[in-house]
Amino acid sequence: MKIALVQVASPDAETREDRIDRVEKILRSINGAELIVLPELWSAGYFHFDDYAALAETLDGPTVSMCSRVAAELGVHLHLGSIIEAGEGGQLSNTSILLGPDGSVVHTYRKIHVFGYKSKEAELLTAGTSLPVAALPFGATAGITCYDLRFPGLWMELSTRGAEIVIVPAAWPAARREHWRLLSTARALEHQIFVVACNAAGTQEGVELGGHSRVVDPAGKVIAEADAGESVLMVDIDPAQVSTVRNEFPVINDRLASYQTLTV
Ligand SMILES: O=C(O)CCC(=O)C(=O)O
């Protein structure tokens with residue numbers, strides 16, 4: 001199964017509309033992928049905090065509309081990264097969306113761990129409260145977002161819910177690139193899943209994004225990794241590897257359902 005990770009740059013001088021047009025052309029140039037993945041908040045630009053309210057959109061807004069049209073025309077699953085979603089009562093969320101090959105929404109995921117370190121996200125956005133896992137032709141698939149990579153409890157829950165492929169759109173800064181690599185590898189290895197981690201590239205508001213989108217297999221092997229710049233990373237995975245690895249080395253079976261029952 002071929003996956004395309006589209007590592008987009010969101011320069012300050014480019015408008016959202018121009019970026020959506022530009023990314024549409026990139027998406028249309030991709031051949032043979034069954035799943036295409038985009039980074040966190042690529043259309044708005046993660047670090048454009050002052051524009052969050054103005055760029056907030058609904059599920060029929062410009063980013064989702066373009067991606068939905070392209071997913072349907074190409075007949076692919078498309079994880080569009082995330083948008084600033086305008087919810088009820090003016091509430092804003094960092095909402096990741098997985099689209100099916102007919103362009104419809106398979107699931108939405110509102111980022112649970114909103115980021116506060118050198119970021120206004122935690123101040124401006126409301127955290128999500130749900131964690132969907134979808135049964136897709138290539139395996140049980142979930143999507144979480146960027147900072148969520150750091151929280152083992154969330155991954156344990158994804159694993160308990162049967163996730164086999166976890167998509168991680170991100171706007172992870174270059175300053176902490178080694179954390180990005182270490183954590184994405186560790187999550188794949190400890191839960192024996194595929195981690196499909198698509199980061200942003202370029203510079204926004206003086207912050208250099210880390211790039212290095214990567215796919216890690218259920219044995220913890222990095223099977224593809226991009227450089228720092230804007231690019232499309234194509235990778236071929238075998239979804240059956242999840243059960244092969246788990247049968248061969250059944251560490252998940254040895255995990256306790258809860259460690260809170262242990263005595264002191
Ligand atoms: O955890 C990090 O170092 C980066 C997180 C982040 O940039 C984000 O959640 O957007």
Side-chain angles (χ1 to χ4, degrees), residues 5-12 16 19 23 37-53 55-57 63 79-85 91-98 108-131 142-158 166-188 190-191 195-214 216 222 225-226 228-230:
L5 292 82
V6 186
Q7 185 169 284
V8 178
S10 304
D12 301 338
R16 174 178 60 180
R19 188 148 51 247
V23 168
V37 183
L38 287 157
E40 178 184 26
L41 295 183
W42 60 270
S43 66
Y46 178 85
F47 286 93
H48 300 149
F49 304 116
D50 293 344
D51 300 330
Y52 271 19
L55 294 176
E57 48 182 304
T63 308
H79 190 293
L80 63 71
S82 65
I83 58 166
I84 304 287
E85 184 192 9
Q91 187 171 292
L92 304 180
S93 320
N94 185 338
T95 303
S96 292
I97 300 159
L98 176 64
T108 56
Y109 166 80
R110 296 179 178 88
K111 189 175 180 182
I112 289 174
H113 301 97
V114 284
F115 194 47
Y117 173 77
K118 296 185 181 175
S119 165
K120 291 192 189 166
E121 186 188 4
E123 183 190 314
L124 298 171
L125 305 188
T126 302
T129 54
S130 67
L131 187 63
I144 54 140
T145 310
C146 201
Y147 189 40
D148 289 326
L149 187 55
R150 291 189 183 269
F151 297 89
L154 181 66
W155 287 82
M156 186 64 108
E157 189 55 31
L158 284 168
V166 178
I167 299 168
V168 187
W172 195 286
R176 295 180 298 283
R177 186 182 285 138
E178 287 315 309
H179 298 187
W180 163 258
R181 301 172 95 179
L182 178 67
L183 289 166
S184 52
T185 299
R187 299 298 176 236
E190 67 193 353
H191 300 293
V195 172
V196 178
C198 184
N199 200 13
T203 300
Q204 295 173 28
E205 304 291 346
V207 179
E208 186 192 347
L209 280 307
H212 285 257
S213 296
R214 63 209 313 264
V216 191
V222 179
E225 180 164 333
E230 186 169 272

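Values below: every heavy atom of this structure, side chains too, minus hydrogens, waters and symmetry copies. We count ligands from 1, going down the list as the structure has it; atoms in each ligand are counted the same way.
Close approach of ligand 1 to Arg176 (heavy-atom distance below 4.0 Å) involves ligand atoms 2 (C), 3 (O), 4 (C). Those atoms of ligand 1 with a heavy atom of Lys111 less than 4.0 angstrom away are 8 (C), 9 (O), 10 (O). Applying the 4.0 Å criterion to heavy atoms of Arg150 picks out, from ligand 1, the atoms 1 (O), 2 (C), 3 (O).
Of the possible donor and acceptor atoms, none in the side chain of Glu121 sits under 3.5 Å from a partner among the backbone N and O of Val114. Gln7 places a side-chain N or O within 3.5 Å of a backbone atom of Ser213 that can act as its donor or acceptor partner. Looking only at distances, no side-chain donor or acceptor of Trp180 sits under 3.5 Å from a matching main-chain atom of Ala174.
At a heavy-atom distance under 4.0 Å, no atom of Trp180 approaches ligand 1. By the criterion of a heavy-atom distance under 4.0 Å, the side chain of Phe115, and not its backbone, is placed next to ligand 1. Here Ala170 has no heavy atoms under 4.0 Å from ligand 1, in either its backbone or its side chain.
Between the CD atom in Glu40 and the OG atom in Ser10 there is a gap of 10.5 Å [rounded to 0.5 Å]. In this structure, the separation between OG on Ser82 and OH on Tyr46 is 9.5 Å, given to the nearest 0.5 Å.
Of the protein's non-hydrogen atoms, the one nearest atom 6 (C) of ligand 1 is Cys146 SG, 3.1 Å.
For the pairing with Thr63, the side-chain hydrogen bond (donor to acceptor under 3.5 Å, both in side chains) check across Glu57, Glu85, Arg19 returns one residue only, Glu57.
When only interatomic distances are considered, the shortest N/O to N/O separation between Glu121 and ligand 1 does not fall below 3.5 Å. In terms of polar-atom proximity, defined here as any N/O pair under 3.5 Å, Ala171 does make such a contact with ligand 1. Between Glu40 and ligand 1, an N or O atom pair is found at a separation short of 3.5 Å.
Side chain to side chain, Tyr147 and Asn94 fail the donor-acceptor criterion of an N or O pair below 3.5 Å.
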